[in-house]
Amino acid sequence: MAATAIHRFPQYQYVDAVRWLPQLSPLERFAVLALFDFDSDASSIQIHSLTPNPFSLQPQFSWSLPSRISSLKTSLFLRKPLIVASTAAGSLHFLFADPSDDSLNSEISLPEGALHSVPASSVDLMDGGVECVTVGEDGKVNLVGVGDSNLSYRRLFDSGGLVSYTAARWASTVEFATGGYGFSLQWWDQRKPGGPVSHFKGNWDKNSSGIVHSIDIHPSRKHTCLAGGSLGTVFAWDLRWQQQPIMLSGAGAGTGAGNTMVQSISESEVWEVQYDRCIKSNTSSTRILPSMICSEDGILAVIEQGEEPVELLAEACAINSFDIDRHNPSDVICSLEWEAVAILTRQ
Amino acid sequence: MPSDTVGNGALVPLSGDPPALYPLHHGLAPPICRLSISWSRGNSLRLSLFSAAAAKVVEVKLTSEDPEIPDAHWRRIAYGSVAPFALLQSRRSSLSTLMKSPSPYHSDWWENVLQYSKEIGSLLGGSKLPPSPIIEDSKTIVKRGEEPTSLKAAWELIEIFYVDKQSQAWLPERLVDWLADYDSLFTSTHETIHGKLVDFQKELVNIQVIEDDPRYWDLLSSALSVGWLDIVVKMLRLHGSYQLDQLSNRELENGLVETVATLISKMPRLRPESGGKLGECYKSKPDFIKCWEKWRSQITKLDCSPFWIQCDNQQTVEGLRNLLQILLGNTDSLCMATCYWIELYISHFLYIRPFTMGIESMYNLAQKCIQLKPQSNTHRLTGLMVGILEENTEVVLAECSREFGPWLVAHAIELLTARSEQAEVLLHEERYNLGGISIVELHRLVYAQILSSHALTWQIAPIYLTSCMKQGMGLLENLLYRQSVQHNNVLLKNIEICRLYELDHISSNIMKIAGVYHWKHGHKGAGVFWLQQAQDSSCLDRIAQQLFDSVGKSISDESFKQWEGMIELLGSESKPAGGLEFLHKYRDFKKSLQKVSGGKSTEIARQAVGSLMLLMKNPSTPQRFWLPLLYDSLKLINWKDCPLLGVSETNLLLNKLQDLSLAKLRPNYTEPSLPPDALSSIRLALATNLGRAILDE
């Protein structure tokens, strides 16, 4: 891969998550940062505008939130950018943001306790922003419908804490996937309530297991679930071959059946995984599409089945989250443990 | 404080600085009836206030914040210094294994330290000031790129004296540059040339005839005395005789001003490169001395020239001749022109003793300058400078620690030992009075404690702790145990550090703590996961008993879906599950039983019997499940088409029943909630089956 330009922006606050804001016009670009100030115990969501010459990231708007953000997603809703954030106290916030017009900004939220009872819940927003799924360590799975000015929610499932969920991702308007402890994945269908339609449990390593931190599903391959988690593990679960995960990276990867000689770029937590929209791969191929990961040991890399991983960034500290810009897939924003964000522009 | 006053309960008089006051915002209605105070994280006090109706906990941060560097910037410095520090430590250890001696003292070692010093120094830059306008203002005298900080000044000073071997030959010139960069810092405690220049610049627009203002000439000589040639030449060119309308009748005066300006800009300097500043640079000492003598003779010649008498502007003549006295190194003029001893000291290097000298004579000179310019207020950099010139490593360390805090001490120690074996021995020697650790280790431990006390920096403390041979690992274990297990992110980052330093026993203990935490808070799945990761079978055994209590009731009904994921997590036999793997087989059996209940296929029924026998044979199947299992299987035992259980299998089940009746006599036996005739109907079914099976065989 050719030269990559890297810009780092210190924030002087902990960055809990970063996302690009869906672009409304090609001239204006914005990033959403979930920040937490340890000195004053204040958490906020900030919209920063990105200017190319000189390359800079400037805060534009800020909302303060009652508690730290555990999960952050962005989407378009009625042609307006929509930000959804779940907090450690269990509340859920929808921000209708319009950076071009301050007066159009508004927020609706569900208070803490309504959806989840414990810290760390994960959310995903359906494309088009109509419905949002929230899952938590308390084992609850909720669906939140976004109206113009109100929210409606219902509980799809409650495992009563017997199973905890740590990640969620929509696959279609009715199906979504969740992930949890023991490299487990669940497939859900709103039309079939009462529990997950299908289960997967990663047991390629007899001695150690881990947690799924992030899931991605490609719109062109809705039957394949890409998951990243502990021990540098990235794997794909194809619903059609349910008990045969395809290992893409990880410490335990070599031991999986039919997965010999898998390259592993990291051995620590893979905090986020996303399909890399930048690389145009042959979509008719049976191989898993290339994906990007970020990890606790400071790696941001692109991995592709059967190929050498490509390292984009090797930091001295953890990279806790990243986002690929949908409109400019060569641009990646990531949050660094040491109170900074970095923006990469791939050539 | 005298101990008897404390004993008497008398108030202890405050001495020194007035106490700091911290207003409290607790919002409670008075009266407050109870107050409890304890230390919180870092520098915070936790106050718990109780009034009659309510209570509130507030934290008060006792700021010892550096006035120049806010906490968030300090953290950035802390993050940035991790990589250079770790690199230097790894180089040190690889070098000492190579040399087979504990001390890495080596002729080229200082180059590694210099690289480290430059990297750290670049972190310390103050905030960038707004860029100066592109069209240069002729009236701007003082320009700066960034806000200087005392911390950076201290770091550079240590680097100049202790690390950079190459620049030893032009040490005085490096000090000239240092003062040019940091003179403004001293303005906070006393008058400085920089401060006076800034004040004068503010008034410059209001001054009509600059050369009539005595401050103009004072400042010229001051700036010249510390070698700020660019500023002097720029200011000289503001002289009124340069103005076009006056040039004709002040030709001689202007000639004198310009000659002095030219002489000043041609001043020979013993330094490798000018750095864009005025003066002619010479690398070798003989070349320099030759030109220095020539330049001095030109000044002397000008000083004796008859033009001075012909010039009728007396103020210009006096001012310019005073500048010449400074260039000639007139002690009184230098003393008059400078504000405090460091400025005087620098002027001595420039004009009286421009050749390098040993550090010993540098110290004598400093003492002389301090005597000439005694001060009531001293800046924190002054003490450090005196310590360095005294060549007293302990004083330098004490000054760093007192004035700049643990970060500087922990990192600057590497500089102090860069070129001196003596300092290396002094600082690395194990000391009885420090409990057997060295001074280096002591300061690293102190710094690591500071890092450990903040939620954002505790993760970098291990880098420093692991470089401490004696106490580091113990404190690291402490630090890792202290982190919260509540949030997965913190927990996983903690376990990752254990993995990096191969502290498996600690990570397994942390996982146990996490497992119990999650179990207690009702996240049974997460609890079981962490206990499995920790391979804690005894704990799993205990929670298994609790789980079975709820399984017996709920697994058969519609909430089976809830258990499904949990049982998946347990796996079948891969990991230590402390009897919990039984649940997996139980689930399989229940599943096959469900299939049987609908249909009449003997094949499916046979499979269910297989599952049942597996469960009954398995020693990990809890006894209390035997009866419910058999009761659930009545349909199988009474299968119409043919007996599904063989003779030996039936006998095994009958034996289990026998065992159960014995177990009933034990005190801790719990009666399963089954219909009263359950036992007899199982017995009957088994007996009937035995008969059918015998006939069959």
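Numbered from 1 within each chain, the chains take letters A, B, ... in sequence-line order.
Atom CD of A/Glu311 has more than 12 heavy atoms from other residues, nucleotides or ligands within 6.0 Å.
Contact count versus chain B (heavy atoms, under 4.5 Å) is highest, among A/Ile211, A/Asp41, A/Asp297, A/Thr166, for A/Ile211. When each of A/Trp271, A/Phe183, A/Tyr181 is checked for heavy-atom pairs under 4.5 Å with chain B, A/Tyr181 comes out on top. Chosen from B/Gly527, B/Ala86, B/Gly525, the residue pairing most often with chain A at heavy-atom distances under 4.5 Å is B/Gly525. Your options are A/Ala318, A/Ala340, A/Gly210, and the one with the most heavy-atom pairs under 4.5 Å with chain B is A/Gly210.
For A/Glu296 (side chain) and B/Lys493 (main-chain N/O), no donor-acceptor pair under 3.5 Å exists by modelled atom type.
We find the OG-NE2 distance between A/Ser117 and B/His523 to be 5.5 Å, quoted to the nearest 0.5 Å. The distance from the OH atom of A/Tyr14 to the CZ atom of B/Arg75 is 12.0 Å, given to the nearest 0.5 Å. Of the inter-residue distances, the one linking B/Arg499 atom CZ with A/Ser268 atom OG reads 5.5 Å to the nearest 0.5 angstrom.
The minimum heavy-atom distance between B/Leu492 and A/His213, with the atom names listed, is CD1-CE1, 3.2 Å.
Residue contact with chain A, scored on non-hydrogen atoms closer than 4.5 Å, involves the side chain of B/Ile460 exclusively. Neither the backbone nor the side chain of A/Asp37 comes within less than 4.5 Å of any heavy atom of chain B. Of the two parts of A/Ser164, only the side chain, counted from C-beta on, holds a non-hydrogen atom closer than 4.5 Å to a non-hydrogen atom of chain B. Heavy-atom distances place the side chain of A/Phe38, and not its backbone, under 4.5 Å from chain B. When heavy atoms are compared at a cutoff of 4.5 Å, B/His521 does not approach chain A at all. In this structure, chain A has heavy atoms under 4.5 Å from both the backbone and the side chain of B/Tyr79.
A/Glu137 and B/Asn488 are linked by a side-chain donor-acceptor pair at a separation below 3.5 angstrom, with hydrogens and angles left out of the test.
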Worked check of side chain to side chain contact (heavy atoms under 4.5 Å, CB included) between A/Tyr12 and B/Asp71: CA-CA 9 Å; A/Tyr12 303 104; B/Asp71 280 352; over 6 Å; no
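Side-chain contact between A/Ser209 and B/Gln532: absent, with no pair of heavy atoms (C-beta onward) separated by less than 4.5 Å. Within the 4.5 Å cutoff, side-chain heavy atoms of A/Trp338 are placed close to those of B/Val82.
Salt bridge B/Arg76/A/Glu339: absent, no basic N to carboxylate O contact under 4.0 Å.
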